[in-house]
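Here is the structure we will look at.
Note that these values count all heavy atoms, side chains included, but never hydrogens, waters or copies made by symmetry.
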Amino acid sequence: MNAPLSNAALLAKDHRHLIHPLHHTAGHADGRIWARGEGSYLYDADGNRFIDGLSCLWNVSAGHGRRVLAEAAFEQMKELAFASSYAGGSNRPAIELAERLAAITYPGINNFYFTCGGGESTDSNIKLARYYWKAKGRPDKVKIIGRTWGYHGVTFGAMCATGISGYWPDFGPLIPGFSHIPSPDPYHYPVPADGSSQGALAADELEKEILKQGADTVAMFIAEPVQGAGGVIVAQPDYFKRIREICDRYEVLLVADEVITGFGRTGKMFGLEHYGVQPDLMQFAKSITSGALPLGGIGMSDEVAQTITSRSKPWMHAYTYSGHPTSCAVALATLDIIENEDLPGQAAAKGEVFLQKLHAELDPLPHVGNVRGLGLMAGVEIVADRSTKKWFDADFGLGAKLTKALINRGLYTRVRSEVICLAPPLTTEPSTLDEIVSIVRDAVIEVTGN
């Protein structure tokens, strides 16, 4: 039997043939070849162990190596690995998953369309919103409003909705009809001098943009309950209530992007539950299978669903793998874990302690500007100057330096330029969470000098 190849040997083969997401030759020069996962840990091809500080890409919420998910896939594949779910065909796992989701999502959302991931879900909602308004005799309502630092995927429509400008230049021009309002980020959004609500003021940015674009032209507003990849930005308590009111006033569909926040990450099953608000459309992916197989989807209000089902002509939107039976079977097994092990409750309890310890260890450091989070997701924002909230100059290379310092200490996660993003599996042991805090503290001190 041949000996397993080392990380270096596999990486050399990788360099010859693979192009990666966000591909950058220099950035991949010292890449890790992941060979195994167990619980909250990843192991590379050399056997080195790393804490999975971001649940890989916010998705392995139930932890690595869940045998029951592999067994669910195996049993389904023995029976029916795949069959088309185009109108005229369906399968039992997809039907059961839709029923299950109707029981646990927002009360007004009872109909679902399945995709392979978050970007496809965004594109599906963009098309659905435009379809809906055309069916309502409002064909001019086609525009999409998002937020700066909002991340909704990088398929072409999703990239236009995403409010992180670094994704745009090499693929422009963007699709017409997309615009973005400022993030409500409590750390950076201006504090009203008159003592009024910062959250309401930030929400009013939506009303300004709707009026600027023309209310009769705006189809939907898309927002993450917590902005994840953009830096774990948690909105003010009154923000989404005001957003809901504005959407109702101007007849704009409110889309909740629950791709990261769905299925327990924030301490509730879905993120907008924290704000007592229901969306018209929602989208999900990632944790619905704990990353074991690709699956995403959209959920629509009863009124939107009725609009689709009552028309005499087809809804001309489709993906080959929509309602994939094996992926849906794994999702059902994942929902069993989420509910039986109370992952939302674990996220709430562990996340509260985790955030307290991050504050205790990091707030005294002079270059830690802001520590924030909700449930078991947190962001640590590093600044050059606390008094001005000024970031380090780009040529300092803060993000790359932090990433290297973290992984050298055994923590694998992502850094958004100046924000260390943390979202370990919801099953992570408290002692491992404590270790994450210590590693982050030491890495920040190394990179910033104090």
Using the rule given for side-chain contact (heavy atoms from CB on, under 4.5 Å), can you reason through F396 versus W391, listing the C-alpha separation, both sets of side-chain angles and the distance that settles it, and then say yes or no?
CA-CA 10 Å; F396 181 72; W391 293 330; over 6 Å; no
side-chain hydrogen bond (donor to acceptor under 3.5 Å, both in side chains) contacts touching residues 264-275 (sequence neighbours left out):
S55-R265, T266-H274
Straight-line distance of [X] [atom1] to [Y] [atom2], nearest 0.5 Å:
| X | Y | atom1 | atom2 | value |
| --- | --- | --- | --- | --- |
| I260 | S61 | CD1 | OG | 12.0 Å |
| N110 | M300 | CG | CE | 11.0 Å |
| Q283 | D123 | CD | CG | 9.5 Å |
| N370 | L362 | CG | CG | 11.0 Å |
| R441 | E361 | CZ | CD | 5.5 Å |
| E209 | E205 | CD | CD | 9.0 Å |

Measure from the side-chain N and O atoms of [X] to the backbone N and O of [Y], and report whether any donor-acceptor pair falls under 3.5 Å.
| X | Y | result |
| --- | --- | --- |
| T413 | C421 | yes |
| T217 | G214 | yes |
| S121 | G296 | no |
| W133 | V218 | no |
| K350 | L426 | yes |
| R138 | A219 | no |
| R409 | A405 | yes |
| T155 | G157 | no |
| R416 | G230 | yes |
| S197 | G199 | yes |

Partner set under side-chain hydrogen bond (donor to acceptor under 3.5 Å, both in side chains) for K357, not counting sequence neighbours
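Checked K357 against side-chain hydrogen bond (donor to acceptor under 3.5 Å, both in side chains); matches are D434.
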Can you establish whether the number of heavy atoms outside [X] located under 6.0 Å from its atom [atom1] is more than 12?
| X | atom1 | result |
| --- | --- | --- |
| K212 | NZ | no |
| K401 | NZ | yes |
| K404 | NZ | no |
| N408 | CG | yes |

With sequence neighbours excluded, give me every salt bridge (Lys or Arg N to Asp or Glu O under 4.0 Å) pair touching residues 368-384.
R372-E381
Scan for salt bridge (Lys or Arg N to Asp or Glu O under 4.0 Å) pairs involving residues 96-110, sequence neighbours excluded, and state none if there are none.
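Every salt bridge (Lys or Arg N to Asp or Glu O under 4.0 Å) pair that includes a residue of residues 96-110, provided the two are not neighbours, is R92-E96, R100-D336, R100-E339.
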Between the side chains of [X] and [Y], is a donor N or O closer than 3.5 angstrom to an acceptor N or O?
| X | Y | answer |
| --- | --- | --- |
| E435 | T432 | no |
| Y321 | E120 | no |
| S183 | Q227 | yes |

Quick one: sort the [X] and [Y] rings into parallel, tilted or perpendicular, breaks at 30° and 60°.
| X | Y | value |
| --- | --- | --- |
| Y167 | Y151 | tilted |
| F112 | F114 | parallel |
| F263 | F284 | perpendicular |
| Y113 | H317 | tilted |
| Y106 | F270 | tilted |

Less than 4.5 Å apart, side chain to side chain, heavy atoms only: is that true for [X] and [Y]?
| X | Y | answer |
| --- | --- | --- |
| I382 | V368 | yes |
| L433 | V353 | no |
| P186 | V234 | no |
| I337 | L69 | yes |
| R32 | F50 | yes |
| I233 | Y189 | no |
| T334 | I288 | no |
| P184 | R147 | yes |

Does anything in residues 331-384 pair up under ring pair (Phe, Tyr, Trp, His ring centres under 6.0 Å), and if so which pairs, sequence neighbours excluded?
H367-F392
Pair Y250-L206, side-chain contact (heavy atoms from CB on, under 4.5 Å): steps then yes or no:
CA-CA 10 Å; Y250 295 102; L206 176 59; over 6 Å; no
Shortest non-hydrogen separation from [X] to [Y] and the atoms involved:
| X | Y | result |
| --- | --- | --- |
| G63 | S290 | N-OG, 4.1 Å |
| M377 | A423 | CB-CB, 4.2 Å |
| T261 | E258 | OG1-OE1, 2.6 Å |
| M220 | A129 | SD-CB, 3.6 Å |

Go through it in stages, so that I can follow the logic: the residues are R311 and Y131, the test is side-chain contact (heavy atoms from CB on, under 4.5 Å), and I'd like the CA-CA distance, side-chain angles, deciding distance and then a yes or no.
CA-CA 11 Å; R311 297 199 83 189; Y131 177 96; 3.1 Å; yes
Show, in sequence, the C-alpha distance, side-chain angles and deciding distance for F178 and H180, and conclude whether the ring-ring contact (aromatic ring centres under 6.0 Å, His included) test is met.
CA-CA 7 Å; F178 287 78; H180 303 85; 7.6 Å; no
Let me see the working for Y412 and I51 under side-chain contact (heavy atoms from CB on, under 4.5 Å), right down to the final yes or no.
CA-CA 6 Å; Y412 184 72; I51 300 171; over 6 Å; no
For salt bridge (Lys or Arg N to Asp or Glu O under 4.0 Å), just list the numbers for R244 and D280, CA-CA rounded to whole Å, side-chain angles, deciding distance to a tenth of an Å, and then say yes or no.
CA-CA 10 Å; R244 177 73 270 181; D280 301 297; 2.9 Å; yes
Residue list, salt bridge (charged side-chain N to carboxylate O under 4.0 Å, His left out) with D204, at least two apart or on another chain:
R242
Presence of salt bridge, E251 and K136, under 4.0 angstrom:
no
